Number of protein chains: 2
Amino acid sequence: MLNSKTMDTNQKQNKEKEILTAAENEFLTKGYDGARTTSIAKAAGVTHAMLHYYFRTKEQLFERIVDEKFRLMAESTLAALGDSSLPMKERIRTGVANHFDFVASNPLLPLFVINEIVSRPERYAFLHERAKTIIDTVYRGLQADIDRAAERGEMVQINAKMLFMSIMSLNIFTFIAYPFMKPLMGDLMANDERFLAERKAENIETIMKRIEI
Amino acid sequence: MLNSKTMDTNQKQNKEKEILTAAENEFLTKGYDGARTTSIAKAAGVTHAMLHYYFRTKEQLFERIVDEKFRLMAESTLAALGDSSLPMKERIRTGVANHFDFVASNPLLPLFVINEIVSRPERYAFLHERAKTIIDTVYRGLQADIDRAAERGEMVQINAKMLFMSIMSLNIFTFIAYPFMKPLMGDLMANDERFLAERKAENIETIMKRIEI
DNA sequence: TTTTGTATTAACAGAATTGTTAAACAACTT
DNA sequence: AAGTTGTTTAACAATTCTGTTAATACAAAA
């Protein structure tokens with residue numbers, strides 16, 4: 001049995017956490033404008049005054065969610081770069097697979113991030129500065145590795161950024177367009193698990209054939 | 001010089017049209033929830049009462065836009081199927097190219113439609129019924145054509161729907177992620193026109209290599 | 001036991017937004 | 001010119017939503 005102090009702390013953390021969970025769900029599915037603090041509070045099982053007590057404003061609550069989601073998005077994006085210790089073709093193959101899995105476990109993430117950036121570009125300008133320098137160095141290395149592999153005749157010469165965009169396109173669009181495609185594709189998408197496995201294989205195949213000599 | 005009757009009619013049509021134009025812009029960039037009827041009215045140069053006079057409610061104004069955009073989306077999607085009178089490889093190549101061009105001329109369209117369907121799926125259930133029968137017949141034909149081309153050794157055997165999804169992914173994601181990618185990709189995307197030409201070529205290449213034996 | 005800080009509720013305030021209405025107005029018809 | 005019709009404006013009504021506050025409960029610390 002927990003003592004009262006611990007229980008209190010837990011209960012507080014639970015309320016805060018439940019608000020955050022409810023907020024995540026609301027913001028990811030409805031966006032900032034569509035989300036309602038009253039609706040979040042209700043889903044979390046607290047009065048809306050409590051929500052303001054813990055997070056002050058809708059804006060601040062939203063930023064808590066945004067921060068985490070942008071971090072996750074960056075993480076998943078890096079997964080697409082693959083493990084530089086592997087031979088190039090393996091690196092790309094596992095990069096595509098890992099990225100697909102990452103997006104599959106966070107299917108609402110890309111649309112949320114994209115919508116956020118489309119609707120308030122100014123707000124994220126600072127992120128670009130930071131991200132760009134990272135990306136520039138990572139890509140220089142990746143491009144050099146690709147160039148060497150191409151010289152060795154292991155794969156075709158290709159622009160690393162273009163290849164990267166193709167991987168992102170194939171993997172992310174699968175989940176962004178899911179609600180749009182699912183009712184149209186009938187049997188192909190009837191069994192979710194099977195479809196995702198097939199789609200993953202298809203995306204890998206598409207990328208691998210792109211880099212094949 | 002126009003007579004007064006014509007001028008009136010034109011002015012009315014202009015006001016209505018200007019509201020529609022402003023509404024399209026507002027809804028496509030901010031979504032239904034983020035859009036403000038007052039802001040639309042202001043952009044159209046009319047009082048907000050006028051907007052209600054012409055379109056009654058925000059909802060009805062929105063539906064005017066949605067109807068047109070869904071129609072356009074269907075049209076652009078069909079473009080990806082290509083011209084069935086062409087030999088298979090040419091059909092696919094021009095299908096990808098035409099679809100890319102279509103999306104390029106309506107860059108905000110896919111994200112708008114996807115967001116709409118994600119946020120209010122019930123509302124568009126009826127569309128699916130209609131679309132699904134069309135798609136089923138079109139695909140049966142397309143798949144048969146692909147199968148025949150594959151038997152003749154012109155291309156690999158591939159699931160038509162999977163190929164179609166890849167084309168949509170590569171072309172649409174280019175524009176959906178544009179604001180997200182542009183600040184990160186530096187020189188590659190610095191010149192819009194050039195980047196789009198390169199991206200189009202890359203998408204075509206990716207699809208063509210996918211179907212090559 | 002008193003004090004102190006935190007958690008919670010209910011009621012309310014303020015702002016923004018959508019939508020309505022009555023009256024003025026303009027143009028056309030007869 | 002009078003009436004008819006459709007357009008426009010300004011003011012207002014109603015609602016919804018965010019955020020605040022005052023009162024209260026309650027547990028821990030002193």
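From a predicted model like this one, the values you see are computed outputs, not experimental measurements. Here is how names work: the chains are called A, B, and so on, in the same order as the sequence lines, proteins then strands, and each is numbered from 1.
Atom NZ in Lys58(A) sits about 8 Å away from atom P in dG19(D), given to the nearest Å. Lys42(B) places its NZ atom 15 Å from the C1' atom of dT17(C), with the value rounded to the nearest Å. In this structure, the CE atom of Met50(B) is 17 Å from the P atom of dT18(C), given to the nearest Å. Rounded to whole Å, the distance from NE2 on His52(A) to C1' on dA13(C) is 13 Å. In this entry the distance linking CD of Glu18(A) with P of dA7(C) reads 15 Å, nearest Å. Straight-line distance from the CZ atom of Arg36(B) to the C1' atom of dG19(C): 15 Å, rounded to whole Å. Across the protein-nucleic acid pair, Glu59(B) atom CD and dT17(C) atom C1' stand 15 Å apart, rounded to whole Å.
Ala35(A) comes within contact range of the sugar-phosphate backbone alone, with a heavy-atom separation under 4.0 Å but no base atom that close.
A donor-acceptor contact under 3.5 angstrom links the side chains of Tyr32(A) and Glu59(A), judged on distance only. Asp192(B) and Tyr178(B) share a side-chain donor-acceptor pair at under 3.5 Å. Side-chain atoms of Arg71(A) and Ser76(A) include no donor-acceptor pair closer than 3.5 Å.
A sub-4.0 Å separation between OP1 or OP2 of dT20(C) and a side-chain N or O of Tyr53(B) is absent. Taking only side-chain nitrogens and oxygens, Thr38(A) never comes nearer than 4.0 Å to OP1 or OP2 of dC17(D). Considering only side-chain N and O atoms, Thr37(A) lies under 4.0 angstrom from the phosphate OP1 or OP2 of dT18(D).
Aromatic ring centroids of Phe62(A) and Phe55(A) lie 6.0 Å or more apart.
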